[in-house]
2 protein chains.
Amino acid sequence: MTTGSAAVPVSIKEVAARAGVSPGTVSNVLNRPHKVADDTRSRVEQVINELGFVRHGSASTLRAGHSRTIGLSLIDIANPFFTDVAAGVEDLASERGYAVLLGNSAGDPAKEDRNLRVFAEQRVRGLLITPSADDPRPLDVVRERGIRVVLVDHRAHRPDQCSVAVNDFAGGQMAAEHLLSTGATRLVYVTGPSGIRQCRDRGGGAARAVGEAGLDPGSAIEVVEVPTMNARAGQHAAENLVSGRRLPDAIFCANDLLALGVLRGLLQSGVRVPGDVALIGYDDIDFSAASAVALSSIRQPTHKLGRIATELLIDECENPQTHAHRQILFQPELIARESTARP
Amino acid sequence: MTTGSAAVPVSIKEVAARAGVSPGTVSNVLNRPHKVADDTRSRVEQVINELGFVRHGSASTLRAGHSRTIGLSLIDIANPFFTDVAAGVEDLASERGYAVLLGNSAGDPAKEDRNLRVFAEQRVRGLLITPSADDPRPLDVVRERGIRVVLVDHRAHRPDQCSVAVNDFAGGQMAAEHLLSTGATRLVYVTGPSGIRQCRDRGGGAARAVGEAGLDPGSAIEVVEVPTMNARAGQHAAENLVSGRRLPDAIFCANDLLALGVLRGLLQSGVRVPGDVALIGYDDIDFSAASAVALSSIRQPTHKLGRIATELLIDECENPQTHAHRQILFQPELIARESTARP
DNA sequence: CGGAGTCGTTGAAACGTTACAAAAGCGCGG
DNA sequence: CCGCGCTTTTGTAACGTTTCAACGACTCCG
């Protein structure tokens, strides 16, 4: 058994010496293998394996002027939506040999700033971010440092920037249309703080659908705003609706956690779903299909969102001259389940 | 508007020149502020702000011989358990000024290896890992490179290594005792692959509880093993139990996703929970309290797990001489809800 | 046989920071 | 006014890699 003693990292020079070549050649084997003669290359590769050489990323970054690391700044790493996005990011990054630096802003702009600073220190090659606020300034600061940025789940506010998002307006519209198609005429939209763009857009889409159906959005949709978007808040909202005898025909929730809470609140009060009230959520998180009454929802291509964003970012970093900036907007998908099934 | 052109990173030399001091002094301001005279320090700090200087982490790492980055290798970033752990890790790391490199092994040892390699290249200061297999060898390789490792949700297999885990045996025992206390005498344990240590331990704990209650573990517990630990598999298992007329008094599931699926399967077949069958899960994920019948579960201190692991790792890295290795084992906690409530 | 063109390899100079020995400045007792 | 100890600052040599001009060895063609 070896003692936990000295770390003895082997450098490119030792590899070079042992293989009887110059350090430059070893570097070429590592970075431009095709420029090295076959037998030299295989000799060097053999020595690399023998010695267990691993390139020192920092030295490489320092000299080459850029790293193989990308930053990922998320609003809430505990939220399944972002988690799925992160999984997509990690997937592609790992395939392409990039490392992912994780930052969780937890909705706090100060913490987001701190993370951006750390990313800047680490000289990340590029940055994927779901901005915690609409304010574009902190990002412009990052861009001025020469770090490429791709926005995730947020439309770019300038044409020379890539973004990947999902059409929340269309999703809201889709959800409301679906509810209306079950015969509902009086809707409730249970949503989080209106400061959150996603909540606003989804509500806007729902209003549009109601208007297009010939109803008056002002009276046909009641908006119930709750402070946090979790199940507890949803349950509370449902209890209020029941006790206030303001039960609509159908309820649209701005995310699935809210919807699961609403579902629970309704069922416990003896309200039947979908019999008395139809219910639809948003995000189609895993658990939605598993709830007592399988929850209809709006599915977003989360994993893909992460992958594509990463793809765009890497392309922008590696081919800055040919890269075409794109603002990609995915369409969400209606997943109809039991909670909106009506005879 | 600035053109998206030249990245103009300002170096320590320029700061030094502008502040009328030597580069060494700037470095001291950055790393050992107390060794610099007050007025010099404030002058340098002002220039740093004016110029928007950000230390080049790679140069620092290269020269200093160690980075301010820790690696985090998880089995499944889409699983709420690991996500909560990751949030705890990110929390503390960010507080201490460390960056977190994220790796998601997805249970694939090959991918785990690839990630470990990337971590090695980045010269992470230390590594947090929930190993995807029981095999300690890949980790020993990492340790030989001089990278400190703290195991997360896994007991260390050697005394000179830190680990942070939760007592799964106790958790399983706790769950089964609770079920027995409701009057149950015939249990089913729905679990994932027995290759997963957590599943084995929880089952072992349950068997112990049954034995201690004077029952024969061989006949009082039926084990149902499913290939994947998600809701679909749970529902399927429940349907099999119902159709096979093998309904027990109580069901213990190795995680909440399975339990939610089982719950759904039972309710749809007209089996009442907890009336006919009591049900308990494991992990106490957010959604458990929100399901149609609030799910009893075993709660683990996930966030804390992440924080403490990070704490241990940073201490081991920064104070190698005074650091005492610890194998911390948290105790889980029973959360009794409706699904096990009996009159 | 000489010169042009290829291909593979080399050597040395960076990249931005930190560590450390040495120097400079300063106050004070003799 | 010297010399001593103290604090503060400086200059310089690394750290491990990549880049690039230059070089040597071949081949090919005239």
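The sequence lines fix the lettering, A, B, ..., with proteins before strands; numbering per chain opens at 1.
For the helix from C/dC1-D/dG30 to C/dG30-D/dC1, the angle separating the two terminal helix axes comes to 60°, with each axis derived from five pairs and the value rounded to 10°.
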(request) Before giving the answer on side-chain contact (heavy atoms from CB on, under 4.5 Å), spell out for B/Asp153 and B/Gln198 the whole-Å C-alpha distance, their side-chain angles and the decisive distance to 0.1 Å. (result) CA-CA 9 Å; B/Asp153 200 36; B/Gln198 285 84 342; 2.7 Å; yes
(request) May I have the step-by-step check of side-chain contact (heavy atoms from CB on, under 4.5 Å) for B/Phe330 and B/Ile308, ending in yes or no? (result) CA-CA 11 Å; B/Phe330 285 106; B/Ile308 304 275; 3.9 Å; yes
(message) Before you tell me yes or no, could you show the steps for A/Glu316 and A/Leu312 under side-chain contact (heavy atoms from CB on, under 4.5 Å), namely the whole-Å CA-CA distance, both residues' side-chain angles and the distance that decides it to 0.1 Å?
(response) CA-CA 6 Å; A/Glu316 182 171 348; A/Leu312 285 174; over 6 Å; no
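Put simply, CD on A/Glu90 and CG on B/Asn104 are 5.0 Å apart, with the number rounded to the nearest 0.5 Å. Distance check: B/Arg307 CZ to B/Thr302 OG1 gives 13.0 Å after rounding to the nearest 0.5 Å. Rounded to the nearest 0.5 angstrom, B/Ser132 OG and B/His154 NE2 are separated by 9.5 Å. How far CD1 of A/Ile129 is from CG of A/Asn115: 9.0 Å, rounded to the nearest 0.5 Å. With rounding to the nearest 0.5 angstrom, the CZ atom of A/Arg117 is 11.5 Å from the CZ atom of A/Arg114.
The span of DNA chain D lying next to chain A, judged by atoms under 4.0 Å from heavy atoms, is bounded 5' to 3' by D/dG16 to D/dT19. Close approach of DNA chain C to chain B, defined as any atom under 4.0 Å from a non-hydrogen atom of the protein, starts and stops at C/dG16 to C/dA19.
Exactly one of A/Ile70, A/Leu313, A/Leu116 qualifies for a side-chain contact (heavy atoms from CB on, under 4.5 Å) with A/Leu127. That residue is A/Leu116.
Residue A/Arg197 qualifies as enclosed at atom CZ: its count of foreign heavy atoms under 6.0 Å is above 12. The environment of CZ in B/Arg43 is crowded: more than 12 heavy-atom neighbours from other residues, nucleotides or ligands sit within 6.0 Å.
Of the charged side-chain nitrogens involved, none lies within less than 4.0 Å of a carboxylate oxygen, so that B/Arg326 and B/Glu311 do not count as a salt-bridged pair. The pair B/Glu50-B/Arg18 meets the salt-bridge criterion, since a charged nitrogen lies less than 4.0 angstrom from a carboxylate oxygen. By the 4.0 Å N-to-carboxylate-O rule, A/Asp38 lies close enough to A/Arg41 to be salt-bridged with it.
Within residues 24-38 of chain B, the residues having any heavy atom closer than 4.0 Å to DNA chain D are, in order of number, B/Thr25, B/Val36, B/Ala37. Of the residues in residues 40-66 of chain A, A/Thr40, A/Leu62, A/Arg63 come within less than 4.0 Å of DNA chain C through at least one heavy atom, sorted by number.
With sequence neighbours excluded, the residues forming a ring-ring contact (aromatic ring centres under 6.0 Å, His included) with B/His323 are B/His325, listed by chain and number.
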